[in-house]
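One structure is given below, encoded as structure tokens.
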There are 2 protein chains.
Amino acid sequence: MKWTDLDDNWCPVARTLSLVGDRWTLLILRDCFLGLSRFDQFAESTGATRHIVSDRLKRLVEAGILEKLAYSDRPKRYEYKLTEKGQEFAPALIAFKDWGKKHLPVRRPTQA
Amino acid sequence: MKWTDLDDNWCPVARTLSLVGDRWTLLILRDCFLGLSRFDQFAESTGATRHIVSDRLKRLVEAGILEKLAYSDRPKRYEYKLTEKGQEFAPALIAFKDWGKKHLPVRRPTQA
DNA sequence: TGCACTAAGTTCCAAATAAGAACTTATATG
DNA sequence: CATATAAGTTCTTATTTGGAACTTAGTGCA
């Protein structure tokens, strides 16, 4: 079974996962909450390939979680912002953060 | 970059995702909270292939989120139960559930 | 005895997805 | 003109997944 087939599952958790149940998608959302909004920022911050960033942003916009806004007309440049629907995803990310802080302490510090 | 490389990321959300940031893993956890505990139950309930169920259960046990317990000795039969660490993941699933209920209503009822 | 059945996996191959790097497009800047 | 920037796209190769069949160890009839 493919994961997008979960979109009309009886379970609201499954339906949510069919949209955002993938690590890169959730990392991009985290970045949005941290104030990032541009393609290159997402690519660098998450470590996902540009291909993936492109695909995930497209899905998130289609789902109404992010909106794509032009911040420059010449040259055309876009940024991505959380919609209200997206903002309301905060509790889930906070729950992930709390769980990670408590149960997954960093062993090796990231190379500064 | 591979997602398991996120395990020592500075961000606790990323570290959490390196472990459970995948749709089937989260669906299996949902099932555990719903009281399911056996291999075949997970496979049927989530719709994931047995291959995936096997892999994800292994990871979850290694991570200390589930524990594998024998419920029968002859023949050897096992079940999977949430550890305390796993139990504490509840808030994240509840956040997913709430968001899904609010923002992703079911269109077509699942064939009863 | 032997045949079917169950639970918990494993194995196999084809198909889908992801990684990584290079390329494109439109414009601005020196 | 040459270089730089932002936001993607394209390409090839590698990894992961899907789906079905097979395995293992034991139980329960008939």
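Naming: A, B, ... by sequence-line order, numbering from 1 per chain. Since the structure is predicted, the reported quantities are computational estimates derived from the model, not experimental observations.
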Separation of B:Arg74 atom CZ from D:dG28 atom P, in whole Å? 11 Å
Indicate whether OP1 or OP2 belonging to D:dG18 is found under 4.0 Å from a side-chain N or O atom of B:Trp24. yes
Would you classify B:Tyr71 as touching base, sugar-phosphate or nothing, given that sugar-phosphate means primed atoms plus P, OP1 and OP2, and contacts are heavy atoms under 4.0 Å? sugar-phosphate
Starting from the C-alpha separation in whole Å, work towards a yes-or-no answer on side chain to side chain contact (heavy atoms under 4.5 Å, CB included) for B:Asp40 and B:Arg50. CA-CA 8 Å; B:Asp40 283 8; B:Arg50 309 176 72 73; 2.9 Å; yes
If we ignore hydrogens and angles and just use 3.5 Å, is the side chain of B:Thr83 paired with the main-chain N or O of B:Gly64 as donor and acceptor? yes
Side chain of A:Asp22, backbone of A:Thr25: donor and acceptor closer than 3.5 Å? yes
Whether A:Lys85 side chain and A:Ala63 backbone form a donor-acceptor pair below 3.5 Å: yes
Does A:Tyr71 have its ring centroid less than 6.0 Å away from the ring centroid of A:Tyr80? no
Rounded to the nearest angstrom, tell me the gap between atom CG in B:Asp5 and atom C1' in C:dA18. 13 Å
Shorter than 3.5 Å, N or O on both sides, protein versus nucleotides 9-11 of chain C: list them out with atom names.
{"from": "C:dG9", "atom 1": "OP1", "to": "B:Lys68", "atom 2": "NZ", "distance (Å)": "2.9"}
{"from": "C:dG9", "atom 1": "OP2", "to": "B:Tyr80", "atom 2": "OH", "distance (Å)": "2.6"}
{"from": "C:dG9", "atom 1": "N7", "to": "B:Arg50", "atom 2": "NE", "distance (Å)": "3.0"}
{"from": "C:dG9", "atom 1": "N7", "to": "B:Arg50", "atom 2": "NH2", "distance (Å)": "2.8"}
{"from": "C:dG9", "atom 1": "O6", "to": "B:Arg50", "atom 2": "NE", "distance (Å)": "3.1"}
{"from": "C:dT10", "atom 1": "OP2", "to": "B:Ser54", "atom 2": "OG", "distance (Å)": "2.6"}

Taking 4.0 Å as the cut-off, does a side-chain nitrogen or oxygen of B:Arg23 come that near to OP1 or OP2 on D:dT16? no
Measure from the side chain of A:Asp22, starting at C-beta and using heavy atoms only, and say which of C:dA7, D:dG18, C:dA18 lies closest. C:dA18
Checking the side chain of B:Thr46 only, and the main-chain atoms of B:Ile28 only, is there a donor and an acceptor separated by less than 3.5 Å? no
Could you tell me the separation between the CG atom of A:Leu36 and the P atom of D:dA6, rounded to a whole number of Å? 14 Å
Using a strict cut-off of less than 4.0 Å between a Lys/Arg side-chain nitrogen and an Asp/Glu carboxylate oxygen, indicate whether B:Arg15 and B:Asp8 qualify as a salt bridge. no
Interatomic distance where CD belongs to A:Glu44 and P belongs to C:dG20 [whole Å]: 15 Å
Whole angstrom is fine here: how far is it from CD1 in A:Ile52 over to C1' in C:dT17? 7 Å
Value in whole Å for how far the P atom of D:dA6 lies from CZ of A:Phe42: 14 Å
Pairing annotation in dot-bracket form, given for DNA chain C with Watson-Crick or G-U pairs under 3.5 Å and | for cross-strand partners: ||||||||||||||||||||||||||||||
Parallel, tilted or perpendicular: which one describes the rings of A:Trp99 and B:Phe89, with boundaries at 30° and 60°? perpendicular
Whether B:Arg59 and B:Asp55 form a salt bridge (side-chain N of Lys/Arg under 4.0 Å from carboxylate O of Asp/Glu) is what I want to check. yes
Taking atom types as they are modelled, would you say the side chain of A:Arg77 forms a donor-acceptor pair with the base of D:dA6 within the 3.5 Å cutoff? yes
